[in-house]
Colleague: 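I have a structure here, written as structure tokens, and I will follow up with some questions on it.
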Amino acid sequence: MKKAVIAAALAGLSGTAAHAQSSVTLYGVVDMGFEHLTNANAAGQAQNALLSGKWLPSRWGLKGTEDLGGGMKALFMLENGFNANDGSFSSPGVEFNRSAWVGLSSSTVGTLTLGRQYSVQFDKTLFYDPTLFGAYSILSLNLIPVQTQRVNNSVKFKSNEYAGFSAEAMYGFGQQLPGNASAGRYVGAGLEYLSGGFGASASYERTNGSVGAVDQSGLVDQRWSVAARYDFGPVMVSGGMARITGDLHLTPVGSVYWAATKWNATSALSLIGEVGHYRFQQAPGHPTFAEATAQYRLSLRSILYANVGYYNNSGGSAFGVNGYTNVGQLGKSQVGMSVGIQHRF
């Protein structure tokens with residue numbers, strides 16, 4: 001799936017033996033699909049489009065390590081998201097919108113990284129979802145708000161695994177404004193247990209509002225999340241819930257519940273199903289989401305896929321089947337159907 005450029009070869013040419021244990025890997029995903037989407041605008045009209053990332057986001061990146069000896073390594077990662085249908089950045093003006101960090105790892109303690117990186121809730125929740133961060137996934141439930149999916153100016157520590165347990169802690173310095181350390185600040189912590197086919201995690205996050213036209217740095221969003229999964233050979237089941245509180249309202253105060261399963265029917269064919277429900281505590285509306293996916297592996301690098309997603313909105317809710325999107329009108333349902341191809345390199 002990946003093509004590694006071994007720096008040792010360059011070191012041999014230059015005579016710099018000190019880099020003999022270094023490597024840099026170029027990798028990526030190109031994903032394109034056709035989508036039919038109902039209730040796509042305020043008039044309730046449907047949309048047909050050829051779009052990038054209808055299964056997983058298109059992206060490319062560089063990552064590397066250097067062996068420092070004594071069980072220590074230096075490491076980095078730079079990852080850019082792009083739209084394969086027109087070649088544009090998925091985040092205009094941001095070169096490495098998905099990841100940009102550098103750090104150190106120890107074989108006895110863990111890994112410390114600094115930069116733009118995924119949040120604790122992302123690490124300890126999303127990888128329990130068999131759709132990962134697919135177009136139709138638990139991101140459609142706004143389980144992880146877009147503002148905290150990745151955290152700028154952050155420091156993260158991941159411990160090594162001990163007797164099946166591992167821990168993670170993260171601090172984001174936010175907007176780094178003089179005289180206001182709260183603006184955009186992020187604090188997160190998580191615990192995970194893995195044993196055989198079983199895995200479970202719990203995480204907590206607290207995010208302060210930012211300072212823009214209005215100073216919201218005194219407002220907070222808090223999230224408690226748990227998730228679990230179990231692999232029964234060709235079948236995997238998973239589920240979780242999150243409790244959202246606070247006065248910042250990155251997403252509505254309330255609770256999110258989700259469950260999913262994946263069946264590897266053959267060596268080439270996988271089937272995925274998922275349901276979720278967001279119960280608002282204050283605002284009217286209790287949206288329910290469901291999706292089904294079929295994947296057919298043409299090779300280790302290339303797959304064909306078909307997705308169907310459905311959102312049943314009620315009251316004041318207007319979530320869309322695609323992550324971080326809305327339907328055209330409050331309380332209206334939405335159906336999304338897509339077919340496409342993905343290639344990894």
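For clarity, every value in this text was computed on a predicted model and none was experimentally measured.
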Colleague: Using a 6.0 Å distance limit plus a 45 degree cone around the ring axis, check whether R98 lies over the aromatic ring of F133.
Modeller: yes
Colleague: Would you say S99's side chain and L78's backbone share a donor-acceptor pair under 3.5 angstrom?
Modeller: no
Colleague: Determine whether V155 and V187 fall in the same hydrophobic cluster, where Ile, Leu, Val, Met, Phe, Trp and Tyr are linked whenever their side-chain heavy atoms lie under 4.5 Å apart.
Modeller: yes
Colleague: Main chain of S299, side chain of R301: is a donor-acceptor contact present, judged purely on distance under 3.5 Å?
Modeller: no
Colleague: Any donor-acceptor pair under 3.5 Å linking the side-chain atoms of N97 with those of E79?
Modeller: no
Colleague: Checking the side chain of S91 only, and the main-chain atoms of V94 only, is there a donor and an acceptor separated by less than 3.5 Å?
Modeller: no
Colleague: Quick check on side chain to side chain contact (heavy atoms under 4.5 Å, CB included): which of T131, V321, I272 does Y136 satisfy it with?
Modeller: V321
Colleague: Would you check if there is a donor-acceptor pair between the side chains of S302 and H343 at a distance under 3.5 Å?
Modeller: yes
Colleague: How would you list, by chain and number, every residue that makes a ring pair (Phe, Tyr, Trp, His ring centres under 6.0 Å) with F76, sequence neighbours excluded?
Modeller: none
Colleague: Going by distance alone, is a donor N or O of one side chain under 3.5 Å from an acceptor N or O of the other, for R279 and S255?
Modeller: no
Colleague: Sub-3.5 Å donor-acceptor pair from the side chain of Y311 to the main-chain atoms of S140, do we have one?
Modeller: yes
Colleague: Are side-chain N/O atoms of N83 and S90 paired as donor and acceptor at under 3.5 Å?
Modeller: no
Colleague: Would you mind reporting whether M337 and E35 have side-chain heavy atoms less than 4.5 Å apart?
Modeller: no
Colleague: Could you walk me through whether S270 and N264 pass the side chain to side chain donor-acceptor pair (under 3.5 Å) check?
Modeller: CA-CA 4 Å; S270 295; N264 295 318; 2.7 Å; yes
Colleague: Are F82 and F89 near enough that their ring centres are under 6.0 Å apart?
Modeller: no
Colleague: Might you point out which heavy atoms bring P130 and K262 nearest each other, and give the distance in Å?
Modeller: CB-CB, 3.9 Å
Colleague: Where does the angle between the aromatic ring planes of H277 and Y257 fall among parallel (under 30°), tilted (30 to 60°) and perpendicular (over 60°)?
Modeller: parallel
Colleague: What pair of heavy atoms forms the shortest contact from L141 to Y278, and how long is it?
Modeller: O-CD1, 3.1 Å
Colleague: What residues, two or more places apart in sequence or in another chain, satisfy side-chain hydrogen bond (donor to acceptor under 3.5 Å, both in side chains) together with Q342?
Modeller: D31, R344
Colleague: List the atom pairs, with distances to 0.1 Å, where a side-chain N or O of residues 217-227 and a protein N or O form a donor-acceptor pair under 3.5 Å, not counting sequence neighbours.
Modeller:
unit_1: S217; atom_1: OG; unit_2: N180; atom_2: ND2; d: 3.2
unit_1: S217; atom_1: OG; unit_2: D215; atom_2: OD1; d: 2.6
unit_1: D221; atom_1: OD1; unit_2: R223; atom_2: NE; d: 2.8
unit_1: D221; atom_1: OD2; unit_2: R223; atom_2: NH2; d: 3.3
unit_1: Q222; atom_1: OE1; unit_2: Y204; atom_2: OH; d: 2.6
unit_1: Q222; atom_1: OE1; unit_2: R206; atom_2: NH1; d: 3.4
unit_1: R223; atom_1: NH1; unit_2: L143; atom_2: O; d: 3.1
unit_1: R223; atom_1: NH1; unit_2: T251; atom_2: OG1; d: 3.4
unit_1: R223; atom_1: NH2; unit_2: T251; atom_2: OG1; d: 2.5
unit_1: S225; atom_1: OG; unit_2: Q121; atom_2: NE2; d: 2.6

Colleague: Any side-chain to backbone donor/acceptor pair from N142 onto L250? Under 3.5 Å, distance only.
Modeller: no
Colleague: Classify the ring geometry between Y171 and F173 as parallel (under 30°), tilted (30 to 60°) or perpendicular (over 60°).
Modeller: perpendicular
Colleague: Grouping I, L, V, M, F, W and Y whenever their side-chain heavy atoms are under 4.5 Å apart, do L132 and Y305 come out in a common cluster?
Modeller: yes
Colleague: Taking the side chain as C-beta and beyond, is there a heavy-atom pair between N48 and F34 under 4.5 Å?
Modeller: yes
Colleague: Which heavy atom of L37 sits nearest to which heavy atom of G336, and what is that distance?
Modeller: CD1-CA, 3.8 Å
Colleague: Among V237, D129, L194, find the residue that satisfies the side chain to side chain contact (heavy atoms under 4.5 Å, CB included) test when tested with R229.
Modeller: L194
Colleague: Is a donor on one side and an acceptor on the other found under 3.5 Å between the side chain of K73 and the backbone of S107?
Modeller: no
Colleague: Under a plain distance cut-off of 3.5 Å, with no hydrogens placed, do Q216 and S210 share a side-chain donor-acceptor pair?
Modeller: no
Colleague: Would you say the side-chain atoms of T113 pair up with the backbone N or O of G103, donor to acceptor, closer than 3.5 Å?
Modeller: no
Colleague: With clusters defined by side-chain heavy atoms of hydrophobic residues (ILVMFWY) lying less than 4.5 Å apart, directly or transitively, does F96 cluster with V102?
Modeller: yes
Colleague: Would you tell me whether S338 and N307 have side-chain atoms, one donor and one acceptor, within less than 3.5 Å of each other?
Modeller: yes
Colleague: Could you tell me if T293 and E291 have a donor-acceptor pair between their side chains, going purely by distance under 3.5 Å?
Modeller: yes
Colleague: State whether the number of non-hydrogen atoms from other residues, nucleotides or ligands found under 6.0 Å of Y296 atom OH is greater than 12.
Modeller: no
Colleague: Measure the shortest side-chain to side-chain distance between W258 and Y128 over non-hydrogen atoms and say whether it is less than 4.5 angstrom.
Modeller: yes
Colleague: Please answer whether the main-chain N or O of S201 pairs with a side-chain N or O of E192 as donor and acceptor at a distance below 3.5 Å.
Modeller: no
Colleague: For A43, is there any backbone N or O sitting under 3.5 Å from a side-chain donor or acceptor partner on N41?
Modeller: yes
Colleague: Checking side-chain polar atoms at under 3.5 Å, does Q117 have a donor or acceptor matched by the opposite partner on S154?
Modeller: yes
Colleague: For a 4.5 angstrom cut-off between non-hydrogen side-chain atoms, does F165 reach S159?
Modeller: no
Colleague: Are the side chains of K63 and V24 in contact, using a 4.5 Å heavy-atom criterion?
Modeller: no
Colleague: Kindly say whether F122 contributes a backbone atom to a donor-acceptor pair with the side chain of S119 at under 3.5 angstrom?
Modeller: yes
Colleague: For F319 and P252, work out which heavy atoms get closest and say how close.
Modeller: CZ-CD, 4.4 Å
Colleague: Going through the distances and angles, do S58 and S52 end up as a side chain to side chain donor-acceptor pair (under 3.5 Å)?
Modeller: CA-CA 7 Å; S58 297; S52 179; 2.9 Å; yes
